[in-house]
Trainee: 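Here you go, one structure.
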Amino acid sequence: MPPTPDHFLQNLTEPQRDAVLHTEGPLLILAGPGSGKTRVITCRVANLIHQGVKPYRILAITFTNKAAGEMRKRIEAMLPLRGMWISTFHSFGVRILRQYAERLNLDRNFTIYDQADRSRLVKSALEACKIDNVRFTPDSIAGAISKAKNQLMLPDRYAGQAKDFFSQVVAGVYEVYEKKLRAANALDFDDLLLWPALALKNDAELRAELDARFQYVLIDEYQDTNKAQYAIARGLSIDYPNICVVGDPDQSIYKWRGSDIRNILDFERDFPQARVITLGENFRSTKAILQAADALIANNTQRKPKPLFTANNTGEPVRVLQFENGLDEAEQVVQRIRTAVDDGNRHYRDFAIFLRVNALTRNLESAFIRQRVPFQIVRGLAFFERKENKDVLAYLRLLLNPHDDLSFLRIINEPARGIGKVSLEHLTNYAEPRELSLLAAASEAEKISAIKGKASSGLRAFAQMMAELQPLVDATPDELIRQLLDRTGYRKMLAENDEEDQERLANVEELITAAHQFHEEDRTRTIGDFLENITLASDVDGWDESQDCVSVMTLHAAKGLEFPVAYMLACEQGLLPHERSLMKDEDVEEERRLAFVGMTRAKEELNLSWARLREFRGQTLYAVPSMFLGELPEDGVETIDLSASGAGASRTMDFWRNGLERTRKSWYDTGIPLTPARTQTKAVVADAVPSRKYTEGMVVEHEVHGRGRIIEVSGHGALRKIKIRFRSGERAFIADKAKLTVVEKK
DNA sequence: AAATACATAATTTTT
DNA sequence: TTATGTATTT
């Protein structure tokens, strides 16, 4: 029984209905949090299909694979969907690149390099360029390359516009990096967007073909697309400009990754006839929550004001909880959750805890375990990032792509085969001018005179072994891994030893299970698909909703989700907003949007907390409540002081509201380390301020480097750095950590 | 070449 | 606190 259009339109508000019914021509939906965006999207697709549009003419782009799966499920509940593409931009890119591989002069079996691979490759490119004496880190250079790629800039054009020293260094590295990628038959994350974008630009025939194939394009979380992604969307919507983008500028939280809010302006410029529909009414949160979020985001100046309103109840006030320290915070939050569940009002799955940084999960983890409260930390890839699993995956990658030198280097001596750094240098020197992969070079190791005895035979044996494993790539994934573990000696390496190895072995076994399940779900999926799936997975993709447990995740991972009760922990200056954002107003505004995203996840109850003392990199510092707490309205917000010092309620927000008025940048000046850690008496606090005792011009004595003069002091608190000129050269230290004695004050 | 001890540096967010 | 690199020994 095919559902009638009424079916999709029931219970929709007028703007929602407009959005669903607008099928032809460009459409921009500005959807505030909780405005029923998902419903509109699914109904709109269902409506399209109902009107006779073939599912395979529709392309829907989501932000995570999980969101893609969810959307598919929801639409399928209404209509059959065979042939419709729903994926992330990156998965879409891979699919196009594999499909049109020959045409784009690509090997279909390319490996996808993640950011860790990228870092290592940049490092080796740096070495190849012989620029190891510069102070730029591989990561900063990798970041610059990534940014260039996001802006569709290839090495030659980048070199052309490189003016300052840094850009010029990057330009050189970028070119070598690209060559290395090509030689390894690998693409990095950015290439998965860059290549399709350029293909659409340069190959008119291909562009027209894909444009006609995907006559209806839908893009969710549009505020977080970058230039390359926009180029793809644009290229697919010229002959058939039925493109619908959905986003909320106030929820843009990936500027640091290249997302560009200007894409919204460009959309209206490139599609002047575009219809714009605003979904403002919130159906998710209580009035109290929404008002608090609204008041917060109103502090952003780079923003078009937009009303948030709801017909929902006022509900409980938003709570700001003050704790003595991070340990207390974790324990008491978990306890509050447990109490609510014990009282029978809630399930564990109703609760989410949001954090700005992953590193903050530690205290929570032990609190959950101690109080026996079920929880899951949503950090999807952690399992595959374990050394043993990465090793096994590297073996698989090398089997599938023998040119993958990075993987070769990872496993060539794992288990030990008597092949050390020097031998590998000889091997590289042999391989490079001959344009051989390291694996190919290894197979003819006897021709390399510089490599002797054990190393030489080890290399040849390795190449031989990989060749023998080759036919197994067609076996089932789990069988392949099992064989691989036996024949490479990896299992033997782990089998003989201590408990740590036992655990590693167990992890590898779990990897086999994962591969097995992956294959069982869909027998057509290969080991290559398995690897691809792991690389392109997002953090939330590992989130299991079916469990009745508390979810812990970063604010970034929380995007798009909702929970009856949300806790946002560590709302402290330096953490939220993060210290790395404090230098620029626009970065602070992004942090504020991040807080806004977190707050608007909550349906019924919202709790924000901070602690007076925060353990940080092994030492305890005084914390300053987040400036964002001071931006909340007094109405509908309740402040509760649960700290031992109990200085009375409401100090939190007064801190920011009233005259204290410290500049944002100065929070870490109050960060006074306590020694020894965890001591909380005021006496100890008072006398130790090592970070501030050094000044420029001082002469100091260092245990190792001898006497030197301080030439620069920067940063604050635990991050305070001092630069010292010794006879042997200049060196930088963390002020707190350096073992120095003052010889002469200036 | 590999194992070990030792020092020291670094820590946002992620497809 | 943890990961990474360096120097030293076997």
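Note that the structure is predicted; figures quoted are calculated from it, not measured. In what follows, chains are A, B, ... by sequence order, proteins preceding strands, each numbered from 1.
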Trainee: When we call it a touch if two heavy atoms are under 4.0 Å apart, what does A:Asn65 touch: a base, just sugar-phosphate, or nothing?
Mentor: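 The answer is nothing, as A:Asn65 stays clear of every strand by at least 4.0 Å.
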Trainee: Categorize A:Arg362 for me: base, sugar-phosphate, or nothing, with a 4.0 angstrom heavy-atom threshold over every strand shown.
Mentor: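 The residue A:Arg362 makes sugar-phosphate contact but no base contact.
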Trainee: Under 4.0 angstrom, heavy atoms only, what part of the nucleic acid is A:Thr535 near: base, sugar-phosphate, or nothing?
Mentor: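 No contact.
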Trainee: Considering only heavy atoms from C-beta outward, does the side chain of A:Leu193 approach that of A:Gln229 to under 4.5 Å?
Mentor: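 Yes, side chains in contact.
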Trainee: Classify the nucleic acid contact of A:Ile419 as base, sugar-phosphate or nothing, counting any heavy atom under 4.0 Å across all strands shown.
Mentor: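 Sugar-phosphate: the residue A:Ile419, judged by heavy atoms under 4.0 Å, touches backbone atoms but no base.
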Trainee: Would the distance check show the side chain of A:Asn507 and the main-chain N or O of A:Phe383 forming a donor-acceptor pair, the cut-off being under 3.5 Å?
Mentor: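 The answer is no, because no donor-acceptor pair under 3.5 Å joins these two groups.
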Trainee: Answer yes or no: is there a donor N or O on one side and an acceptor on the other, between the side chain of A:Asn300 and the main chain of A:Ile297, under 3.5 Å?
Mentor: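 No; judged by distance alone, with no hydrogens or angles, the pair does not exist.
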Trainee: Between B:dA1 and A:Arg417, is there an OP1 or OP2 to side-chain N/O distance shorter than 4.0 Å?
Mentor: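 Result: no.
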Trainee: Any heavy-atom pair between the side chains of A:Asn226 and A:Tyr254 that's under 4.5 Å?
Mentor: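 SC-SC contact between A:Tyr254 and A:Asn226 ruled out.
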Trainee: How long is the line joining CD of A:Glu385 and P of C:dT2, in whole Å?
Mentor: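 After rounding, the gap between these two atoms is 17 Å.
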Trainee: With respect to the phosphate group of C:dG5, does any side-chain polar atom (N or O) of A:Lys123 fall under 4.0 Å of OP1 or OP2?
Mentor: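 Checking A:Lys123 against C:dG5: at least one side-chain N or O falls below 4.0 Å of OP1 or OP2.
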Trainee: A:Ser119 and A:Asp139: side-chain donor and acceptor closer than 3.5 Å?
Mentor: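 Judged by distance alone, the side chains do pair up.
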Trainee: For A:Ala416 and for A:Arg580, locate the closest nucleotide of DNA chain B by heavy-atom distance; then report the residue assigned to the nucleotide nearer the 5' terminus.
Mentor: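 Its nucleotide being nearer the 5' end, the pick is A:Ala416.
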Trainee: A:Leu97: which residues meet the side chain to side chain contact (heavy atoms under 4.5 Å, CB included) condition with it, sequence neighbours left out?
Mentor: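 Once residues adjacent in sequence are excluded, the partners of A:Leu97 under the side chain to side chain contact (heavy atoms under 4.5 Å, CB included) criterion are A:Leu104, A:Leu106, A:Phe110, A:Leu187, A:Leu192, A:Trp195, A:Pro196.
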Trainee: For A:Tyr254, report the nucleic acid contact type (base, sugar-phosphate, nothing); a contact means any heavy atom under 4.0 Å.
Mentor: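 Contact class for A:Tyr254: sugar-phosphate only.
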Trainee: Dot-bracket, DNA chain B: Watson-Crick or G-U, under 3.5 angstrom, [ ] crossing, | other strand?
Mentor: ||||||||||.....
Trainee: Where along residues 552-559 of chain A does a heavy atom fall under 4.0 Å from DNA chain B?
Mentor: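 Going residue by residue through residues 552-559 of chain A, the ones with a heavy atom under 4.0 Å of DNA chain B turn out to be A:Thr554, A:His556.
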Trainee: Given that A:Leu424 and A:Glu590 both sit by DNA chain B, which one's nearest nucleotide is further toward the 5' end?
Mentor: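 Nearest-nucleotide comparison on DNA chain B picks A:Leu424.
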Trainee: Could you go through the ring-ring contact (aromatic ring centres under 6.0 Å, His included) check for A:Phe89 and A:Phe63 one step at a time?
Mentor: CA-CA 8 Å; A:Phe89 260 116; A:Phe63 202 69; 9.4 Å; no
Trainee: Measure from the side chain of A:Phe189, starting at C-beta and using heavy atoms only, and say which of B:dA1, B:dT14, B:dT15 lies closest.
Mentor: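 Taking heavy atoms from C-beta onward, the closest nucleotide is B:dT15.
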Trainee: I'd like to know if the side chain of A:Glu572 pairs up with that of A:Ser626 as donor and acceptor (distance under 3.5 Å, no hydrogens or angles considered).
Mentor: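 Looking only at side-chain atoms, A:Ser626 and A:Glu572 do not form any donor-acceptor pair under 3.5 Å.
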Trainee: Could you state the atom-to-atom distance from CG of A:Asp117 to C1' of B:dT15 in whole Å?
Mentor: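 Spelled out: CG on A:Asp117 to C1' on B:dT15 is 14 Å.
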Trainee: Would you tell me if any nitrogen or oxygen in the side chain of A:Arg257 comes within less than 4.0 Å of OP1 or OP2 on B:dT14?
Mentor: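 Answer is no, no contact under 4.0 Å.
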Trainee: Classify the nucleic acid contact of A:Ala455 as base, sugar-phosphate or nothing, counting any heavy atom under 4.0 Å across all strands shown.
Mentor: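 Since no nucleic acid heavy atom lies under 4.0 Å of A:Ala455, the category is nothing.
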Trainee: Within the 4.0 Å heavy-atom criterion, would you say A:Asn413 contacts the bases, only the backbone, or no part of the nucleic acid?
Mentor: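 Sugar-phosphate contact only - A:Asn413 comes under 4.0 Å of backbone atoms but never of a base.
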Trainee: Provide, to the nearest angstrom, the distance between the CG atom belonging to A:Leu594 and the C1' atom belonging to B:dT13.
Mentor: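 That distance rounds to 7 Å.
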Trainee: A:Asn150 side chain N/O closer than 4.0 Å to the phosphate oxygens (OP1, OP2) of B:dT15?
Mentor: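 Answer no for this pair, as no side-chain N or O of A:Asn150 is under 4.0 Å from OP1 or OP2.
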Trainee: Describe the nucleic acid contact of A:Gln115 in one word from base, sugar-phosphate, nothing, applying a heavy-atom distance below 4.0 Å.
Mentor: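 Base, at least one base atom sits under 4.0 Å.
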Trainee: Between A:Gln573 (side chain only) and A:Met627 (backbone N and O only), is there a donor and an acceptor less than 3.5 Å apart?
Mentor: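 Here the side-chain-to-backbone pair exists.
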Trainee: State, with a plain yes or no, whether a side-chain heavy atom of A:Asn325 is found less than 4.5 Å away from one of A:Glu615.
Mentor: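 No, their side chains stay 4.5 Å or more apart.
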